[in-house]
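Contents: one structure, followed by commentary.
For clarity, every value in this text was computed on a predicted model and none was experimentally measured.
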Amino acid sequence: MSTKVAVVTGSNKGIGLAIVRALCKQFQGDVYLTSRDAGRGQEAVQSLNSEGLKPMFQQLDINDVNSIIAAAAFFKDKYGGVDVLVNNAGIAFKNADTTPFAVQAEVTLKTNFFATRDMLTHFMPLVKAGGRVVNVSSFVGSRTLNNCSAALQERFRSEDITEEELVGLMQQFVDQTKKGEHKQGGWPDTAYGVSKTGLTVLSMILARRLSAKRPNDQILLNACCPGWVRTDMAGDKAPKSPDEGAVTPVYLAVLPPGATQPHGKFVSDKEVQPW
């Protein structure tokens with residue numbers, strides 16, 4: 001039997017680190033903590049070693065497509081692919097941040113949508129039969145969806161929206177913010193929310209593609225909301241600890257062999273949510 005492997009992006013702190021911690025306890029195989037900064041990543045590995053856990057480390061910056069390609073090649077060569085992929089890396093500007101909205105939109109979508117899409121483009125072909133793919137999204141994305149124009153809501157909920165159309169819409173949002181025209185375009189004033197709406201819709205598109213192209217491989221791909229969690233990103237007022245935030249992503253990552261659901265869903269507190 002070849003060793004199974006799980007990969008978690010952006011996992012040197014916060015929810016990502018908590019996901020690695022839980023997978024080290026629940027997943028039968030190698031668990032990789034990844035981060036942009038190798039030093040911080042190694043420190044995070046050592047902190048888990050001190051808890052008696054043995055994650056491995058791989059440098060991975062999702063904003064650098066060459067880093068993604070190098071990591072994909074590493075996992076293909078060493079393991080023949082991946083069994084679990086958790087796309088956790090993401091960013092958010094604080095509410096009080098005075099960075100111009102157009103800049104916030106470009107930077108936020110670059111990481112949360114476009115770079116995560118690059119990860120999926122290069123890693124989806126490596127996902128083995130029985131694999132699990134979890135995209136860490138947010139309930140802010142579903143709230144944002146409800147604040148989009150009727151026309152945008154209709155596309156984002158459509159079963160025939162393509163990846164190309166979605167990418168075009170995400171780029172349209174960024175372009176319209178630069179002209180100050182996003183509200184006229186039907187978009188709300190939240191770059192983070194739009195990025196997570198896009199990520200959830202991308203998850204649904206890719207799940208449909210898996211069902212069509214690899215129907216016998218029993219791969220399950222979902223988006224989820226970890227909840228409002230005390231992290232550098234969300235602040236210290238949030239009700240959930242990082243370990244509590246990790247519960248739903250890890251539940252989806254270790255869905256048992258033979259499970260057929262959930263797939264292509266948005267999941268929060270281990271329950272499928274309406275979209």
Side-chain angles (χ1 to χ4, degrees), residues 9-10 13-16 18-19 62 86-97 99-117 120 134-150 152-157 161 166-167 169-174 176-177 182-183 185-205 222-242 244-249 251-252 262 264-275:
T9 70
K13 63 180 182 177
I15 296 170
I19 291 170
I62 71 165
V86 181
N87 285 306
N88 166 75
I91 63 164
F93 285 84
K94 302 277 190 254
N95 286 338
D97 198 302
T99 304
F101 186 67
V103 177
Q104 292 193 26
E106 184 153 41
V107 171
T108 303
L109 268 77
K110 180 173 187 286
T111 295
N112 295 359
F113 180 78
F114 291 104
T116 304
R117 176 179 175 243
L120 288 157
V134 183
N135 295 327
V136 179
S137 189
S138 172
F139 62 86
V140 179
S142 52
R143 193 186 296 153
T144 298
L145 173 68
N146 292 327
N147 289 325
C148 287
S149 68
L152 284 172
Q153 288 190 47
E154 194 252 327
R155 290 320 296 148
F156 287 141
R157 291 192 171 108
I161 186 171
L166 176 64
V167 167
L169 287 168
M170 292 292 109
Q171 189 59 52
Q172 178 192 92
F173 170 72
V174 173
Q176 288 181 348
T177 63
H182 59 284
K183 285 187 176 172
W187 301 97
D189 255 335
T190 163
Y192 181 77
V194 169
S195 75
K196 293 302 192 178
T197 300
L199 180 57
T200 300
V201 175
L202 179 63
S203 305
M204 294 171 174
I205 291 168
N222 292 284
C224 70
C225 176
W228 190 18
V229 177
R230 290 188 295 279
T231 60
D232 290 349
M233 190 195 281
D236 54 10
K237 305 269 192 304
K240 283 187 175 184
S241 69
E244 289 168 329
V247 168
T248 294
Y251 155 74
L252 293 171
K265 304 296 188 208
F266 177 63
V267 179
S268 179
D269 291 326
K270 302 206 279 192
E271 296 284 336
V272 172
Q273 302 298 316
W275 183 249

In this structure, CG of Asp269 is separated from NZ of Lys240 (nearest 0.5 Å) by 4.5 Å
Note: Gln153 and Asn146 closest approach over all heavy atoms is NE2-O, 3.3 Å
Exercise. Could you tell me whether the side chain of Asn222 and the main chain of Pro262 form a donor-acceptor pair under 3.5 Å?
Key: yes
Looking at Asp97 and Thr99, would you say the former's side chain and the latter's main chain have a donor-acceptor pair under 3.5 Å? yes
*asked:* Are the side chains of Leu145 and Arg157 in contact, using a 4.5 Å heavy-atom criterion?
replied: yes
Check your understanding: Which of parallel (below 30°), tilted (30 to 60°) and perpendicular (above 60°) describes Trp187 and Phe156?
Key -> tilted
query = Judged by atom type as modelled, is there a donor-acceptor pair below 3.5 Å linking the side chain of Thr9 to the main-chain atoms of Asn88?
reply = yes
In terms of heavy-atom contacts, Phe173 and Ala105 come closest through CE2-CB, 3.8 Å
Between Phe101 and His182, the two heavy atoms sitting closest are CE2-NE2, 3.5 Å
dist Leu152:CG -> Asn147:CG (nearest 0.5 Å) comes out at 12.0 Å
Requested in this report: Starting from the C-alpha separation in whole Å, work towards a yes-or-no answer on side-chain hydrogen bond (donor to acceptor under 3.5 Å, both in side chains) for Thr108 and Ser195.
Outcome: CA-CA 7 Å; Thr108 303; Ser195 75; over 6 Å; no
Exercise. Just by modelled atom types, is the Thr111 backbone N or O under 3.5 Å from a matching donor or acceptor in the Thr116 side chain?
Worked result: yes
When every non-hydrogen atom of Arg155 is compared with those of Leu169, the smallest separation belongs to CB-CD1, 4.4 Å
Only residue of Tyr192, Trp275, Phe113 satisfying side chain to side chain contact (heavy atoms under 4.5 Å, CB included) with Thr197 is Trp275
For a 4.5 angstrom cut-off between non-hydrogen side-chain atoms, does Ser142 reach Phe266?
yes
Between Gly193 and Val140, the two heavy atoms sitting closest are CA-CG1, 3.8 Å
In this structure, CD of Gln104 is separated from OG1 of Thr177 (nearest 0.5 Å) by 10.0 Å
Would you confirm whether Asn112, through its side chain, and Ile91, through its main-chain N or O, come within 3.5 Å as a donor-acceptor pair?
yes
Any sub-3.5 Å donor-acceptor pair from Lys196's side-chain atoms to Val136's backbone N or O?
yes
Smallest heavy-atom separation, Ala18 atom then Pro242 atom, equals CB-O, 3.3 Å
**Item:** Non-hydrogen side-chain atoms of Leu166 and Met170 separated by less than 4.5 Å
**Value:** yes
Separation between CG (Asn87) and CG (Leu202), nearest 0.5 Å, reads 9.5 Å
Residue set satisfying side chain to side chain donor-acceptor pair (under 3.5 Å) with Ser203, at least two apart, ordered chain then number -> Asn135
dist Gln171:CD -> Glu106:CD (nearest 0.5 Å) comes out at 7.5 Å
Separation between NZ (Lys270) and SG (Cys224), nearest 0.5 Å, reads 12.5 Å
